[in-house]
Novice: 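Dropping the structure in here first, questions after.
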Amino acid sequence: MIAPANPLRDVSGDAAYVSSVLDTITGPVILVGHSYGGVVITNAARGHDNVKALVYLGAFAPDAGESALQLAQQFPGSELGAALVLRPYPLPGSTEPGIDGYIDPAKFRAVFAADLPSYKTRQMAATQRPGSHTGLSDGSGEPAWKSIPSWYLIPAQDKVIPPAAQRFMAGRARQQGPRDQLLARRDDVPPRRRDRDGSVRVRRHPLEGEPT
């Protein structure tokens with residue numbers, strides 16, 4: 001397993017970086033993305049025959065030309081915008097700064113990780129890596145989910161990406177072939193959610209038009 005350091009600057013650059021990591025792997029790959037990382041894997045997987053599956057964990061799965069911000073605002077329920085703290089950063093070769101968005105530490109747990117204890121979310125808030133406004137507003141290229149089997153985990157009470165938006169994206173991807181959708185119980189960080197027995201509880205959720 002390898003977890004490349006997503007630069008979080010812009011879609012084309014971030015996808016090119018992850019694609020360069022894929023260039024170094026000779027065996028089959030299951031590519032996993034969370035939140036904005038879904039935009040990145042959607043673009044990075046193109047042209048890599050060894051990528052056998054895409055997995056979206058509470059993530060964006062845009063079509064060509066769509067941005068993360070566009071998809072998040074297409075459906076009601078996201079609380080991310082009101083929780084962001086914006087900070088400028090220098091852009092090489094430009095007189096205008098870039099803009100990074102951090103989740104306000106005071107709102108981090110409620111918006112991003114409500115199921116986790118506060119001592120963990122305080123650390124997560126302090127060490128969070130910001131995402132640039134450019135990356136969130138850039139349009140996607142041709143999506144890899146149109147040609148690569150994909151799976152989607154939807155946090156049922158996600159306050160970053162509305163669950164309705166995630167169902168829309170998962171259902172659209174499923175029309176391209178044999179895909180699946182799972183429904184998690186709570187917040188935006190399903191990989192960290194654990195019940196008392198240490199398990200992560202998810203259930204298969206029928207997509208629109210699919211028999212229950």
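Because the structure is predicted, anything quoted here is derived from the model rather than measured.
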Novice: Same hydrophobic cluster for Leu153 and Ile30, using side-chain heavy-atom links shorter than 4.5 Å among ILVMFWY?
Specialist: yes

Novice: Grouping I, L, V, M, F, W and Y whenever their side-chain heavy atoms are under 4.5 Å apart, do Val21 and Ile148 come out in a common cluster?
Specialist: yes

Novice: Which value, rounded to the nearest 0.5 Å, describes the distance between Ser118 atom OG and Gln123 atom CD?
Specialist: 12.0 Å

Novice: So Gln166 and Asp158, do their side chains get closer than 4.5 Å, heavy atoms only?
Specialist: yes

Novice: When you measure from the side chain of Asp10 to the backbone of Thr134, do you find a donor-acceptor pair of N or O atoms at a distance under 3.5 Å?
Specialist: no

Novice: Given the rule that I, L, V, M, F, W and Y join up when any side-chain heavy atoms are under 4.5 Å apart, are Tyr89 and Tyr17 in one cluster?
Specialist: no

Novice: Between Ala113 and Thr121, which heavy-atom pair has the shortest distance, and what is it?
Specialist: O-CG2, 3.6 Å

Novice: By side-chain contact (heavy atoms from CB on, under 4.5 Å), which residues pair with Pro88, not counting sequence neighbours?
Specialist: Pro97, Ile99

Novice: Sequence neighbours left out, what passes salt bridge (Lys or Arg N to Asp or Glu O under 4.0 Å) with Arg109? Give chain and number order.
Specialist: none

Novice: Tell me which pairs pass salt bridge (Lys or Arg N to Asp or Glu O under 4.0 Å) where either residue lies in residues 40-57, with sequence neighbours left out.
Specialist: none

Novice: Between the main-chain N or O of Ala82 and the side-chain N or O of Lys107, is there a donor-acceptor pair closer than 3.5 Å?
Specialist: yes

Novice: About how many Å separate OG of Ser150 and CE of Met169, when rounded to the nearest 0.5 Å?
Specialist: 11.5 Å

Novice: For Glu142, which residues count as a salt bridge (Lys or Arg N to Asp or Glu O under 4.0 Å) partner, sequence neighbours excluded?
Specialist: Lys146

Novice: Quick check for you: to the nearest 0.5 Å, what is the distance between Leu71 atom CG and Leu136 atom CG?
Specialist: 11.5 Å

Novice: So, for Pro143 and Pro62, which heavy atoms are closest and what is the spacing to 0.1 Å?
Specialist: CB-O, 3.4 Å

Novice: Given 3.5 Å as the limit, does a donor-acceptor pair link the side chain of Ser19 with the main chain of Ala16, or not?
Specialist: no

Novice: Would you check, one step at a time, whether the test side-chain contact (heavy atoms from CB on, under 4.5 Å) holds for Trp151 with Tyr56?
Specialist: CA-CA 6 Å; Trp151 282 260; Tyr56 294 87; over 6 Å; no

Novice: Looking at every non-hydrogen atom in both residues, tell me the closest pair between Ser67 and Ser137 and how far apart they are.
Specialist: CB-O, 3.4 Å

Novice: Would you compute the distance between atom CH2 of Trp145 and atom CZ of Arg172 and round it to the nearest 0.5 angstrom?
Specialist: 4.5 Å

Novice: Between atom CD of Gln73 and atom CG of Leu80, what is the distance when rounded to the nearest 0.5 Å?
Specialist: 10.0 Å

Novice: Examine Leu91 and Leu86 and state if one hydrophobic cluster contains both, with Ile, Leu, Val, Met, Phe, Trp and Tyr joined whenever side-chain heavy atoms are less than 4.5 Å apart.
Specialist: no

Novice: Would you compute the distance between atom CD of Gln70 and atom CZ of Phe60 and round it to the nearest 0.5 angstrom?
Specialist: 10.5 Å

Novice: Any pair with a residue in residues 83-105 that passes salt bridge (Lys or Arg N to Asp or Glu O under 4.0 Å), sequence neighbours left out, goes on the list, sorted by first then second residue, please.
Specialist: Arg9-Asp100

Novice: Treating Ser132 as the side-chain partner and Gly135 as the backbone partner, does any N or O pair qualify as donor plus acceptor under 3.5 Å?
Specialist: yes

Novice: Who clusters with Met1? Use side-chain heavy atoms, under 4.5 angstrom, across I, L, V, M, F, W and Y, and order the result by chain and number.
Specialist: none

Novice: Taking Gln128 for the side chain and Tyr102 for the main chain, is one N or O donor matched with an acceptor at less than 3.5 Å?
Specialist: no

Novice: After noting the C-alpha distance and the side-chain angles of Ser140 and Asp63, does the key distance pass the side chain to side chain donor-acceptor pair (under 3.5 Å) rule?
Specialist: CA-CA 7 Å; Ser140 174; Asp63 203 344; over 6 Å; no

Novice: Distance alone, cut at 3.5 Å: any donor-acceptor contact between the side chains of Tyr36 and Asn6?
Specialist: no

Novice: In this structure, are over 12 heavy atoms from other groups packed under 6.0 Å from His48 atom NE2?
Specialist: yes

Novice: Please work out which of the three classes, parallel, tilted or perpendicular, describes the rings of His34 and Phe112, given edges at 30° and 60°.
Specialist: perpendicular

Novice: Between Asn43 (side chain) and Val39 (backbone), is there a donor-acceptor pair under 3.5 Å?
Specialist: yes

Novice: Is there a path from Val111 to Tyr119 through hydrophobic residues (I, L, V, M, F, W, Y) whose side chains come within less than 4.5 Å of each other?
Specialist: no

Novice: What pair of heavy atoms forms the shortest contact from Val51 to Leu22, and how long is it?
Specialist: CG2-CD1, 4.1 Å

